[in-house]
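When a residue number appears, it is its place in the shown sequence, counting from 1.
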Amino acid sequence: GDFMTLQRWVDEALQDRPGDLLLQMDIEGYEYEVLNSVNESLLQRFRIVIVEFHNLRTILNGRSASWARIRAAVDRLLVHHTCVHAHPNNTATIEKAGDVEIPDLMELTFLRTDRSASWQDWPAFPHPLDCDNDSGRPTMALPPCWY
């Protein structure tokens, strides 16, 4: 009753207006269902996609159903987009397995690949424009295994 598809929302809001779109999504764990079900032609309309990904700790168990949903969603984005920014949310924790550190909650920004002719790596994290969540917890730096 309180849910709608991304396609329906875009259709109702834009009424067939063409052009690039921007998607910012923080929907508390439902991002995987949305990204895995959205029509590819609609996904390609998004020039920029900013998603807060939840429950990333399940990446450490590469055989779980949750990991499969995460992998499928990110793989769908990477068909036409490139991850250009990653910022862990300091309200969550970091899980470790050997040398791999996974923030459980992280915001990733994707740029449609056709929108940039060149890329420049950033040498240090956090980026000066990154802001902590107002949780009273210390800053969480992006673990080096992510870059």
Side-chain angles (χ1 to χ4, degrees), residues 1-15 17-62 64-97 100-116 119-122 124-147:
D2 292 334
F3 295 90
M4 71 168 44
T5 66
L6 183 57
Q7 183 70 56
R8 184 173 140 213
W9 181 77
V10 169
D11 290 346
E12 290 178 6
L14 298 179
Q15 300 175 358
R17 283 183 267 176
D20 287 348
L21 302 173
L22 181 143
L23 175 63
Q24 183 172 359
M25 188 178 346
D26 181 1
I27 51 176
E28 307 307 317
Y30 289 98
E31 60 275 8
Y32 306 111
E33 284 73 21
V34 170
L35 291 170
N36 286 324
S37 66
V38 69
N39 181 304
E40 185 169 347
S41 63
L42 175 58
L43 195 56
Q44 282 183 264
R45 283 191 66 193
F46 293 106
R47 181 186 300 192
I48 299 170
V49 178
I50 305 163
V51 182
E52 185 168 75
F53 288 100
H54 297 77
N55 304 313
L56 292 174
R57 68 184 172 281
T58 62
I59 289 173
L60 296 174
N61 181 357
S64 74
S66 293
W67 161 238
R69 289 180 326 135
I70 294 169
R71 179 67 189 256
V74 172
D75 283 349
R76 288 202 76 217
L77 280 170
L78 292 176
V79 170
H80 299 286
H81 295 79
T82 300
C83 186
V84 295
H85 186 251
H87 180 70
N89 187 317
N90 67 313
T91 63
T93 59
I94 290 183
E95 302 285 329
K96 291 184 177 188
V100 177
E101 297 177 274
I102 308 288
D104 195 41
L105 183 60
M106 190 155 56
E107 184 178 277
L108 300 178
T109 303
F110 298 85
L111 177 65
R112 202 174 58 220
T113 307
D114 68 342
R115 299 305 296 178
S116 179
W119 301 100
Q120 178 181 353
D121 289 338
W122 190 256
F125 294 94
H127 186 278
L129 297 176
D130 285 337
C131 294
D132 288 335
N133 195 304
D134 190 20
S135 66
R137 292 185 176 190
T139 296
M140 182 182 296
L142 184 67
C145 65
W146 284 80
Y147 52 95

Indicate yes or no for a side-chain donor-acceptor contact from [X] to the backbone of [Y] under 3.5 Å, with no hydrogens or angles considered.
X      : Y     : value
Arg17  : Ala13 : yes
His85  : Ile50 : no
Thr113 : His80 : yes
Asn36  : Arg69 : yes
Glu31  : His54 : yes

Any side-chain heavy-atom pair of [X] and [Y] under 4.5 Å:
X     : Y      : answer
Thr93 : Met140 : no
Leu23 : Leu21  : no
Gln7  : Leu42  : yes
Leu6  : Phe46  : yes
Ile94 : Pro143 : yes

Minimum heavy-atom distance Asn90-Pro138, with the two atoms named
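Residues Asn90 and Pro138, closest heavy atoms: CB-O, 3.4 Å.
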Can you list every salt bridge (charged side-chain N to carboxylate O under 4.0 Å, His left out) pair that touches residues 43-61, not counting sequence neighbours?
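Every pair satisfying salt bridge (charged side-chain N to carboxylate O under 4.0 Å, His left out) with a residue in residues 43-61: Asp20-Arg47, Arg57-Asp104.
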Would you please name every residue forming a salt bridge (charged side-chain N to carboxylate O under 4.0 Å, His left out) with Asp114, sequence neighbours left out?
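Checked Asp114 against salt bridge (charged side-chain N to carboxylate O under 4.0 Å, His left out); matches are Arg112.
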Could you tell me which residues satisfy ring pair (Phe, Tyr, Trp, His ring centres under 6.0 Å) with Tyr32, sequence neighbours excluded, listed by chain and number?
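Tyr32: ring pair (Phe, Tyr, Trp, His ring centres under 6.0 Å) contacts with Phe53.
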